[in-house]
Amino acid sequence: MYDDSWYNFVPDHTHKRNASIAQASGHRRRESLLQQPNGSKQPDVVEQLAELYEEPETTIDPPEPTLNRRAKSYSDFYHVVRAQLSKDAAAAKKRRRKARERNLDALMVEELDKANTHQGLRQLESLDSELIESSHQEYLLYQDQLEMTERHLDTLISDANGALDLLTSLADSFRAVESQTSSFQAQCDDLLSEERRLQKLADEVGTDLHYYAYLDGVTRRLNAPGASRLVNHENFGEILTNLDACIAFMAKHPEYRDAESYLARYQSLLTKALHLLEVGFTGHLDRISSDISKQIAATQSESARHALAYGRFEEMVLEADGLVANAQRVIRSCYDQLGNPIPGQNFDYYSNTALSIFSSYSDVRDRDLRPMTQHDLEMFRKDAKEINAETACRNFIKQCYERSYDEASLFAKVFSIEPQYNVDPQSAYAALKAHPKALVNAANIAPIATTLQSVLQTSELQTVCNLLGWIANEYLLLEYDEEETTRYSIHCHDLTARLLIEHLWPLTDAAFEAEITKSISKAPISPESLKIASVVNGVASSNAHPITKRALELLAMYDQAMPKERSSSPVVFRIVQETILAMQRAESRLKSNKAANPEPDPDLFMIKNLLILKNGLVSLEIGDVRSHPAAMQHFGQIWDALSPQNWLGLFRGILGGSLSLGLWSSAVSASPAASGKATPARTQVQPEQDANEKLDELLRQSIYAFTQRWGTLINAARSGKRGAKSLVTTEKELDEKLLTAFGGQPEVVAKLKEAIQINAQAQKELKAEKSVT
C-alpha cells in the first residue's frame, strides 16, 4: 500500500553546539529530535548575541518542548526539512550580526534623536517578532509532521474499516451458506442413524438366528456313530459352552417363536453330551483300574504299592488330557475351587454328572486300594493285642492321615478342586461324603472312627483320655505363626477337628457317663468310708471320701482329654451333681446317729469333701487340674466367694430369724425354730441348677451348721453351764477334729475357727438383747 522508504527514519540534523564557545547568557536552540544520530553534516554555529546595556526583557516565549524520539517513518520529507533548517540558520545569523552592530553604535553615541529612537523601537519589535517566529519554527515543523501523521493514520483507519466491511460481508455469506447446508446435514445425520439402526437390527437378527441354526449341527454331531470320541478332544468343551449359551438365550426370551421347544431340545442335547462324558471318563478309569489293581495285589512291598496307587495311577489318568480337561470343565461349571456350589441355569445337569463321576472315581479308588486298607486294619488289630490299644490307635491315625492327604492331593490334580468342609448339601464335600467307602479321604473319616471305636469301647477310660489328649496336642493345636506350617499340617488339623467333634468326643462323653454312673451314682457307701482319717503326707484329698476322690480323678481325666472350651460340658457338671448327691446320702447316714457329739461330725464331713470337690472344680476352670494336689491351693478364692463381708451381722440375722440362708443363695431358704435358733434345711439338688451354685449352697449350709453348733458349745463352756464341758476341753476337742480333717492346711483351720468365734459372739449378743427386752 505504501512505499517501503516511507517507513524509514528521517535523518537527524541536530545543530550541535561548539564546546569552545562559552555561553554566558542568551537563548539557545535545542537539537531537533528528527535528525538522524548518524548524520554527517555539522550543525551551524550560532553566534552569541552581544550583551545589551539594558535590563533583560521578560521573555514571553513558550517553554522548550521535550519531544520523545519518533520512529523513523518520515524519509519522504528529508530534503524539505534540511533546506528549511539551513534557511532558518542563515536568517538567524544575519539578524544577530545586525543586532551586534546596533549595540555598538548605541554604546558610541551619547544621545539619539527621537526619529532614531522610534526607528530603533520598530526594529526591536521586528526583531522580537522574528525571534518569536524563529523559536516557534521548530514546533511548527512538528505540527506539520503530526498533521501528516494524522492524515496517514486516517488513511489506515479507512483501510481497516474497509477490511472489516469486507470480512462482515464474508461472514454474512458464510452464515447464509451454513443456513443453506443445515438441512442437508440433518438429512445426512438421519441417514447415518438409520444405517446404524439397520446394522444393529441385522446383527441381532443374525445372532438370534444363530441360536436357532445351531440346533441341527450339534444334533448331528452328538448322534453320530463316533460321538463318544468327542469327549477326548478339546472342542467338546466348545459344544458345552454353545449349548449353555443356547439354553440361556431360550430361557431369557420365552416369547420368541418355538422358544420352549428349542429349550427342551437343547437341554436334552446337554444331557446327552454330559452322559457321553460320564461314560467316557468311567471307561477310562476302569481301564486304568484293571491294570493298577492287579499290580497292587501282586506285590507285598508298601513302597511299591504306594507308587502304583498314586504315582502310576496319576500318570495314567492324566495321559488322556482332553478327557480330563473336559471333566474338569464340567465340575468347575458347578463347583468353585473349594467345592462350594455355583448357582446357574444348568447347575442340576452339571452337578448330577459331577456326582456320578465322583462316585465312579471313589469306587475305583476303593477297589484298587482294598489290599492296602485291609493290611492296615490287620496291623492295627495286631498292635492292639500285642502292644497296647493307645499305641495302636496312634499309629493307625497317622497312617490314615497320610493316606487321606495323598488321596486329597490326587483328587485335586485330577478334578482341579479341593473340597473343604461344608454343611451345604449341594457342595462337593457333601457329594463325596454321600458315598462312604472303606478308603479314607478328606470327606470320609468314618472308617477311622469305626476302627478306633471297636478298640476304645473295651479300653480303660484313662486310655481314651490319653489318646484324645495326644490327638489334640499333636494335630489340633497349630502354631500358625511358624513358617513350617505346611499343607499337610492344615489337612490333619481339619481331619482332627471333624474326627473329634463328630466321633471321638461323643464316644468319650458316653464313656464318662457310664463311669460316673458306675463309680459315683451307684457306688456303695460303706461305714468305714464315712470315717475321717488323718491327712497322709500333707495331701488334702488323702482323707476324703472315695467317691470324692473318684470325682477328682474323673475331672482330671476330662481336663486332660478335652480342650478348655469344653470345660462347661454337661459331663463336668454331672460329675459334680452326682458327687453332691452321694455326699448327701453319706451325710444322712451320719445324722442318723443321735449322739450329742457324733463321730465323725456330719457337717465337718460335708465341709471336708465339698471343699475338696470345689477346689478341683476351680482348678479345672483355671487349667490346673492334678490327680492329688498337695493342698487346697484355691481355698482363699473359694472362701472369699462363700463369705459375705459382715459375718457377724449375717449370723445375728439368721439366729434372730430376720434373715435366712437365702442371703447367701437365692435358691436356699431356712425356717427359724421357735426357740430362735434356725436350723437350715438341706437344699435338694435340682438338675436345672448350675453345679457351682449347688456346691456353694451346700458349703454355706454346712459351714453355718458347723459354726452354729460349735459356737453354742463354746458359749456353754464359757458360761460354766451345768453338764457342759470346760472351755479348754471344748477347744481341744475342736482342734483335734479340725486338725484331723484339715491337717497341714492351717488356713482352713483358722478360717473355720474364726467363723465359730463370730457365730458364738452373735449368739451371745442376741441372748443379751432378748434378756433386756
Side-chain angles (χ1 to χ4, degrees), residues 292 296 301-315 317-318 328 331 335-340 358 361-362 365-366 368-369 372-373 375-377 379-380 383 390-422 427-433 436-452 466-505 563:
I292 294 294
I296 292 177
S301 173
E302 290 296 324
S303 59
R305 285 182 172 181
H306 186 275
L308 289 171
Y310 295 101
R312 181 57 181 163
F313 182 85
E314 176 187 349
E315 181 181 353
V317 169
L318 298 181
Q328 291 177 356
I331 293 172
Y335 301 115
D336 61 9
Q337 181 65 31
L338 300 179
N340 300 316
F358 290 159
Y361 178 82
S362 299
R365 294 299 296 168
D366 183 69
D368 293 347
L369 273 68
M372 301 174 65
T373 56
H375 179 266
D376 293 341
L377 289 176
M379 291 301 298
F380 170 72
D383 292 342
E390 183 179 346
T391 303
C393 291
R394 290 187 181 187
N395 295 334
F396 182 74
I397 289 173
K398 290 180 180 179
Q399 290 178 352
C400 291
Y401 281 6
E402 292 174 358
R403 183 71 48 77
S404 174
Y405 179 73
D406 294 336
E407 286 294 323
S409 301
L410 179 62
F411 188 89
K413 293 177 182 178
V414 174
F415 297 110
S416 186
I417 63 171
E418 299 179 15
Q420 301 297 320
Y421 178 79
N422 197 330
S427 63
Y429 176 85
L432 292 173
K433 192 176 180 180
K437 304 293 181 181
L439 180 63
V440 178
N441 54 44
N444 184 30
I445 59 174
I448 304 177
T450 303
T451 305
L452 293 178
N466 293 340
L467 179 63
L468 263 65
W470 173 81
I471 294 175
N473 294 328
E474 186 73 16
Y475 299 109
L476 197 60
L477 304 178
L478 287 180
E479 298 293 338
Y480 288 101
D481 55 343
E482 295 183 2
E483 297 180 357
E484 59 266 16
T485 301
T486 59
R487 294 182 59 186
Y488 176 74
S489 301
I490 298 175
H491 181 80
C492 294
H493 175 272
D494 297 340
L495 289 180
T496 302
R498 298 204 304 273
L499 180 64
L500 291 175
I501 295 173
E502 297 175 5
H503 302 282
L504 295 186
W505 280 350

task = Evaluate the side-chain proximity of Tyr401 to Leu499: yes if any heavy-atom separation is below 4.5 Å, no if none is.
result = yes
key: Euclidean distance, Ile445 CD1 relative to Ile448 CD1, rounded to 0.5 Å   = 6.5 Å
inquiry  = A side-chain contact here means heavy atoms from C-beta on lying under 4.5 Å apart; do Phe411 and Glu418 qualify?
reply    = no
ask   = What's the shortest heavy-atom distance between Leu318 and Lys413, and which atoms?
value = CD2-O, 4.1 Å
message = Using the rule given for side chain to side chain contact (heavy atoms under 4.5 Å, CB included), can you reason through Glu390 versus Arg394, listing the C-alpha separation, both sets of side-chain angles and the distance that settles it, and then say yes or no?
response = CA-CA 6 Å; Glu390 183 179 346; Arg394 290 187 181 187; 2.8 Å; yes
task = Any chance you could measure Arg305, atom CZ, to His375, atom NE2, to the nearest 0.5 Å?
result = 7.0 Å
Contact check, side chains of His493 and Leu476, non-hydrogen atoms, under 4.5 Å = yes
Shortest non-hydrogen separation from Cys492 to Thr496 and the atoms involved = O-OG1, 2.7 Å
message = Please find the pair of heavy atoms, one from Tyr429 and one from Ala442, that lie closest to each other, and give the distance.
response = CE1-O, 3.9 Å
inquiry  = Quick check for you: to the nearest 0.5 Å, what is the distance between Ile292 atom CD1 and Tyr310 atom OH?
reply    = 12.5 Å
task = Taking the side chain as every heavy atom from C-beta outward, state whether Tyr405 and Ile490 have any pair of such atoms under 4.5 Å apart.
result = no
query = At what distance, to the nearest 0.5 angstrom, does OG of Ser409 lie from NE2 of His491?
reply = 7.5 Å
remark   = Separation between SG (Cys400) and CD (Glu407), nearest 0.5 Å, reads 11.5 Å
query = Should Phe380 and Asp376 count as side-chain neighbours, where that means a heavy-atom distance under 4.5 Å?
reply = no
message = Would you say that Leu439 contacts Thr373 through its side chain, given a criterion of any heavy-atom pair below 4.5 Å between the two side chains?
response = yes
ask   = Are the side chains of Ile331 and Phe358 in touch, meaning some heavy atoms are under 4.5 Å apart?
value = yes
message = Could you walk me through whether Glu402 and Lys398 satisfy the salt bridge (charged side-chain N to carboxylate O under 4.0 Å, His left out) test, starting with their C-alpha distance in whole Å, then the side-chain angles of each, then the deciding distance to 0.1 Å, before giving a yes or no?
response = CA-CA 6 Å; Glu402 292 174 358; Lys398 290 180 180 179; over 6 Å; no
ask   = So, for Phe415 and Tyr361, is the gap between ring centers shorter than 6.0 Å?
value = yes
message = Less than 4.5 Å apart, side chain to side chain, heavy atoms only: is that true for Gln399 and Met379?
response = no
